[in-house]
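Beneath this line is the structure, given in structure tokens, with notes to follow.
Just so you know, these numbers come straight off a predicted model, no measurement behind them.
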Amino acid sequence: MSREPTYDWPVVESEAEYETGWYTGGYDRVRQPDGSEKDYYWAELPDAVVVVARTGEELVMVDQFRPTIREQCLELPAGIVEDGESYTTAGARELREETGFEPSGVSLLEDFWCSTGVLRHRRGIVFAEGLKPVDRDLDDNEFLSVTTVPIEDALAVARREPANDATIEGILLAQAEDLL
């Protein structure tokens, strides 16, 4: 259900200050309800997908170093949605590339905006099942190993430091749909 704002929030100026090839960063100068103006900074990223992949009584996870936070992370497979892809198509591709599992079925659990105070970024969470082993096809910046975690332990594992939002969200959404 879309809700209409009670005020227009006119954008007086919009400036993309930098382009990285990965994301665009800038600001919008906005007229606020009291008539004052404020710069609201943003980073615009492509859509991403997170895959909750079930194999029997286990979830497939990847173990990788995240240079941004300088931590080794155990997390759900994830990646960028390429132009023209749906979340489910991107999820199946990322699962295959990162883990070497081809799903027979992929369904969208949810898609939503992330970190709306600073990001222009959408995330889709998909559920994959009927996994068949295939060859992996890692990107040149992906150095990760694949592991499985018992479903009964998955949320506790996801909550261990360094916990991340995407893995916790994916597991909780799959649990809410009675898929785990």
Side-chain angles (χ1 to χ4, degrees), residues 1-3 16 18-28 40-55 59-99 101-103 105-129 131 137-139 141-144 146-149 151 154-180:
M1 171 176 119
S2 181
R3 298 179 328 113
Y18 51 90
E19 254 322 309
T20 70
W22 171 244
Y23 67 93
T24 301
Y27 69 91
D28 291 338
Y40 286 87
Y41 288 86
W42 47 261
E44 185 170 56
L45 290 85
D47 292 354
V49 64
V50 177
V51 185
V52 181
R54 182 178 182 156
T55 177
L59 289 187
V60 176
M61 298 184 88
V62 294
D63 192 7
Q64 63 185 322
F65 184 76
R66 290 293 191 177
T68 306
I69 62 169
R70 297 181 179 95
E71 297 273 0
Q72 188 73 23
C73 296
L74 187 59
E75 54 195 33
L76 294 174
I80 297 302
V81 177
E82 295 177 359
D83 288 341
E85 282 186 318
S86 65
Y87 287 115
T88 54
T89 301
R93 177 185 49 75
E94 285 291 342
L95 183 64
R96 182 176 49 258
E97 289 175 359
E98 289 187 359
T99 71
F101 283 110
E102 180 76 41
V106 181
S107 56
L108 179 65
L109 299 180
E110 194 77 40
D111 67 292
F112 48 88
W113 289 102
C114 299
S115 302
T116 55
V118 70
L119 295 182
R120 293 179 178 173
H121 177 60
R122 290 190 67 82
R123 177 181 297 151
I125 307 285
V126 301
F127 180 75
E129 58 190 336
L131 308 183
D137 184 20
L138 296 173
D139 292 337
N141 67 333
E142 290 179 316
F143 303 92
L144 51 86
V146 179
T147 190
T148 57
V149 173
I151 289 171
L155 185 56
V157 168
R159 294 176 75 180
R160 289 185 200 144
E161 285 298 325
N164 75 65
D165 59 340
T167 297
I168 292 170
E169 289 164 350
I171 292 169
L172 288 173
L173 284 166
Q175 285 179 341
E177 297 292 325
D178 290 326
L179 297 168
L180 302 180

[Y] side chain reached by [X] side chain, heavy atoms, under 4.5 Å:
{"X": "Phe143", "Y": "Leu138", "answer": "no"}
{"X": "Leu179", "Y": "Leu109", "answer": "yes"}
{"X": "Ile168", "Y": "Arg159", "answer": "yes"}
{"X": "Ile125", "Y": "Tyr87", "answer": "no"}
{"X": "Val126", "Y": "Leu95", "answer": "no"}
{"X": "Arg54", "Y": "Leu59", "answer": "yes"}
{"X": "Glu169", "Y": "Glu110", "answer": "no"}
{"X": "Trp113", "Y": "Arg123", "answer": "no"}

Greater than 12 external heavy atoms within 6.0 Å of Trp22's CH2
no
Near Asn141 CG, under 6.0 Å, is it more than 12 heavy atoms from other residues, nucleotides or ligands?
yes
Using every non-hydrogen atom in the two residues, find where [X] and [Y] come nearest and quote the distance to one decimal.
{"X": "Ala128", "Y": "Val106", "value": "CB-CG2, 4.2 Å"}
{"X": "Ser107", "Y": "Thr88", "value": "C-CG2, 3.9 Å"}
{"X": "Val81", "Y": "Glu85", "value": "CG1-O, 3.4 Å"}
{"X": "Asn164", "Y": "Ala166", "value": "OD1-N, 3.1 Å"}
{"X": "Thr24", "Y": "Ala16", "value": "CG2-CB, 3.8 Å"}
{"X": "Cys73", "Y": "Pro162", "value": "SG-CG, 3.7 Å"}

In sequence, state the C-alpha distance, the side-chain angles, and the governing distance for Leu173 and Val52, and then conclude on side chain to side chain contact (heavy atoms under 4.5 Å, CB included).
CA-CA 9 Å; Leu173 284 166; Val52 181; over 6 Å; no
Given Thr99, which partner from the list Val51, Thr55, Leu144, Val146 fulfils the side-chain contact (heavy atoms from CB on, under 4.5 Å) test?
Val146
Roughly how far apart are [X] [atom1] and [Y] [atom2], rounded to 0.5 Å?
{"X": "Asp28", "Y": "Tyr41", "atom1": "CG", "atom2": "OH", "value": "10.5 Å"}
{"X": "Trp42", "Y": "Tyr27", "atom1": "CH2", "atom2": "OH", "value": "10.5 Å"}
{"X": "Arg160", "Y": "Leu155", "atom1": "CZ", "atom2": "CG", "value": "11.0 Å"}

Only one of Glu75, Gln72, Glu98 passes side-chain hydrogen bond (donor to acceptor under 3.5 Å, both in side chains) with Gln64, and that residue is Glu75
Tyr18 vs Tyr23 aromatic rings, parallel, tilted or perpendicular, using cut-offs 30° and 60°?
perpendicular
State whether the side chain of [X] and the backbone N or O of [Y] hold a donor-acceptor pair below 3.5 Å, judged by distance alone.
{"X": "Ser115", "Y": "Val118", "answer": "no"}
{"X": "Thr167", "Y": "Leu76", "answer": "yes"}
{"X": "His121", "Y": "Pro46", "answer": "yes"}
{"X": "Asp139", "Y": "Glu142", "answer": "no"}

Looking at Glu71 and Arg66, is there a salt bridge between them, counting it only when a charged N and a carboxylate O are closer than 4.0 Å?
no
